[in-house]
S.K.: 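Just passing along the structure, written as structure tokens.
Here, residue 1 is the first one in the sequence, and each next residue gets the next number. Just so we're clear, the structure is a prediction, and the values are computed from it rather than from any experiment.
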Amino acid sequence: MNKNLLVLLFIFIGVGQIKSQENESIILGTKHRLHSNILDEDREYWISLPDSYDNTKAAYKSYPLLIILDGNIHFKSIATMVNYMSSDSYRSWKIPEMIVVGIQNVDRRRDYTPDKIITVRENNSGGGEKFLSFLEEELIPELERKYRTEPYRILFGHSLSALLATHAYMKEKSLFNAFIAVDPSMGTWDPETMDQKLEAVTNESFKRFFYVATANWGKRNIRNRDRHVRLYEGLNSKCNGTFSAKLEYFENESHASVPPIAFYNGISTIFEGYGISYRDVQSKDQLIQHFKSISQRLSWDFRPPETLVNQLGYGMLRSRTESEKAKALTYFILNTENFPRSYNAFDSLGEAYETLGDSKNALINYKKSLELNSENSHARMKIENLERGK
């Protein structure tokens, strides 16, 4: 299926359904307000939580943060795509589940321009650094207090907000680990300005992932593309190792139409390989190495998802050969090592030991599962049955 159609399908599934019920609402997210001392104003942000967030089985989980600039425009489409690409409901698992945060605009030119723009008339541009301070010193700590967040953060921007995302990537210090800059408006970065900014880039930037999308601007297309290509090539030439980045041109998309498609491609590029199918896993060691490679590329520790490992374990446990059944244990044990606060991981390991006839270890793991979740009726029933059969 054409990727453009896929993206539109995701949007229609998530946003279109909101209007499909007359008497009930389908909740995409919630609105919140935070007073910023840095900006000296109240700022509104919208939150979309993963499907598993309130699930008892996932109570131990923390989630990466995706912060969307121009959230009043892009929040609905992006939150819907993230849900579709990560939720157990759709079994896509192309990316990890994450908390999506859309920042509502107050003054784009003030907040998204890193440098003062000199014009004939007085203007309030150049507040980008202040706005980034608001994100890092006020908003992110607020989100960490209120939600189970993982300190892996992605910043998305389009047009002028993509310029700010680009600037944030090029800074020596940033709380963000990856950036999606969709058709950044770089008209104020003349060759001299860009050279100065490239000169100031340190190796710290190259520990992050950078995705840049370029749209077709028609008659002005060459000038727009040239700026993006010049930036990308300048960064690439300065990087001593592997440049964790991608520049992608969308011939059939305009500046206005490119954001949802570019986001889909960008987030898929960042998490390339994350959605590995259980059919492609040949061994536990191969699986571990696969996610080690992803972790090295993204400079963050991403473990094989519990759902995937459970799927592999139960598949082997149903095998007709005893050797394959024995291998199943290694996958269930891997889950308990990676997710030691998951009651479901220990419940599954207990079930594996029970299937293999090891009642002693089955009992140990069922009890551990019940310790982690006292309402786990399955573990309680298994414990009673095993103790009765002693």
Side-chain angles (χ1 to χ4, degrees), residues 3-21 24-34 43-55 58 61-105 135 139-140 142-144 146-150 152-159 161-162 164-165 176-182 211 213 256-271 274-275 305:
K3 279 186 178 178
N4 296 14
L5 293 177
L6 274 175
V7 173
L8 291 173
L9 176 61
F10 295 158
I11 295 172
F12 291 150
I13 288 173
V15 180
Q17 285 184 353
I18 293 175
K19 298 181 179 179
S20 66
Q21 298 286 342
E24 295 181 47
S25 295
I26 297 176
I27 306 300
L28 183 63
T30 54
K31 293 183 178 182
H32 304 263
R33 188 172 293 273
L34 168 67
R43 297 302 299 244
E44 185 176 303
Y45 62 93
W46 299 351
I47 292 276
S48 177
L49 296 175
D51 281 352
S52 70
Y53 192 87
D54 294 319
N55 189 322
K61 285 184 70 174
S62 54
Y63 301 85
L65 274 178
L66 169 62
I67 293 185
I68 303 168
L69 305 181
D70 289 319
N72 50 302
I73 300 171
H74 303 297
F75 176 79
K76 290 180 181 178
S77 58
I78 289 178
T80 304
M81 271 189 278
V82 168
N83 177 267
Y84 191 92
M85 296 171 76
S86 63
S87 173
D88 285 351
S89 300
Y90 311 110
R91 305 179 71 84
S92 171
W93 300 321
K94 194 175 180 69
I95 61 175
E97 286 188 298
M98 55 189 75
I99 297 172
V100 181
V101 185
I103 314 299
Q104 306 308 294
N105 287 336
L135 293 181
L139 179 64
I140 289 175
E142 162 101 347
L143 296 171
E144 289 176 340
K146 293 174 69 174
Y147 302 99
R148 303 195 309 271
T149 63
E150 186 84 6
Y152 187 86
R153 310 176 187 97
I154 303 169
L155 184 63
F156 169 90
H158 168 239
S159 189
S161 63
L164 185 68
F176 293 95
N177 308 81
F179 301 79
I180 300 175
V182 178
Y211 175 88
S257 69
V258 74
I261 297 164
F263 173 79
Y264 176 85
N265 283 16
I267 202 75
S268 298
T269 300
I270 291 170
F271 290 108
Y274 186 89

S.K.: I want to check something: taking the side chain as every heavy atom from C-beta on, are I103 and R43 in contact at a cut-off of under 4.5 Å?
M.R.: yes

S.K.: Mind checking the CD1-CD1 spacing from I78 to I180? Nearest 0.5 Å is all I need.
M.R.: 7.5 Å

S.K.: What are the two closest non-hydrogen atoms of S87 and W93, and how far apart are they?
M.R.: O-NE1, 3.8 Å

S.K.: Please name the pair of heavy atoms, one in Y211 and one in T269, separated by the smallest distance, quoted to 0.1 Å.
M.R.: CE1-OG1, 4.1 Å

S.K.: Any side-chain to backbone donor/acceptor pair from R148 onto K61? Under 3.5 Å, distance only.
M.R.: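 Side chain of R148 to backbone of K61: a pair is present.
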
S.K.: Taking atom types as modelled and ignoring hydrogens, do the side chains of E97 and S86 form a donor-acceptor contact shorter than 3.5 angstrom?
M.R.: no

S.K.: From I73 CD1 over to H158 NE2, what is the distance, rounded to the nearest 0.5 angstrom?
M.R.: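 Between I73 CD1 and H158 NE2, I get 8.0 Å after rounding to 0.5 Å.
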
S.K.: Answer yes or no: is there a side-chain heavy-atom contact under 4.5 Å between N55 and D88?
M.R.: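 A side-chain contact under 4.5 Å is absent here.
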
S.K.: Do M85 and Y264 come within less than 4.5 Å of each other through their side chains, counting heavy atoms only?
M.R.: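 Heavy-atom side-chain distance check passes, below 4.5 Å.
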
S.K.: I want to check something: taking the side chain as every heavy atom from C-beta on, are L143 and L65 in contact at a cut-off of under 4.5 Å?
M.R.: yes

S.K.: To check you understand the geometry: which heavy-atom pair defines the closest contact between A256 and P259, and what is its length?
M.R.: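 Looking at all heavy atoms of both residues, the shortest contact is O-CD, 3.3 Å.
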
S.K.: Could you grab the distance from atom CD1 of I68 to atom CZ of F156, nearest 0.5 Å is fine?
M.R.: 7.0 Å

S.K.: Using atom types as modelled and distance alone, determine if a side-chain donor or acceptor of S48 lies under 3.5 Å from a backbone N or O of G29.
M.R.: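 A pair under 3.5 Å: no.
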
S.K.: Residues in side-chain hydrogen bond (donor to acceptor under 3.5 Å, both in side chains) with K94, at least two apart?
M.R.: none

S.K.: Who pairs with E44 by side chain to side chain contact (heavy atoms under 4.5 Å, CB included), at least two apart in sequence or on another chain?
M.R.: K31, R33, W46, Q104

S.K.: Find the distance between CG (L49) and CE (M98) and round it off to the nearest 0.5 Å.
M.R.: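 Going from CG on L49 over to CE on M98, the span is 13.5 Å.
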
S.K.: Looking only at heavy atoms, what is the nearest atom pair of A58 and S52, with distance?
M.R.: CB-O, 3.3 Å

S.K.: Quick one: ring-ring contact (aromatic ring centres under 6.0 Å, His included) partners of Y53, sequence neighbours excluded?
M.R.: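 Checked Y53 against ring-ring contact (aromatic ring centres under 6.0 Å, His included); matches are Y63.
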
S.K.: Under 4.5 Å between any side-chain heavy atoms of N83 and V100, yes or no?
M.R.: no

S.K.: Are any of the side-chain heavy atoms of L135 and V101 separated by less than 4.5 Å?
M.R.: no

S.K.: CG/L66 to CE/M81 distance, rounded to the nearest 0.5 angstrom?
M.R.: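 So the gap between those two atoms works out to 10.0 Å.
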
S.K.: Kindly assign one of parallel, tilted or perpendicular to the pair H32 and Y45, based on the angle between their ring planes and the thresholds 30° and 60°.
M.R.: parallel

S.K.: Verify side-chain contact (heavy atoms from CB on, under 4.5 Å) between I67 and R153, making sure each step is shown before the conclusion.
M.R.: CA-CA 7 Å; I67 293 185; R153 310 176 187 97; 5.9 Å; no

S.K.: Return the minimal non-hydrogen interatomic distance between Y152 and A178, and the atom names on each side.
M.R.: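 Nearest heavy atoms, Y152 then A178: OH-CB, 3.7 Å.
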
S.K.: For the CZ atom of F179 and the CD1 atom of I154, what is their distance to the nearest 0.5 Å?
M.R.: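 So the gap between those two atoms works out to 10.5 Å.
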
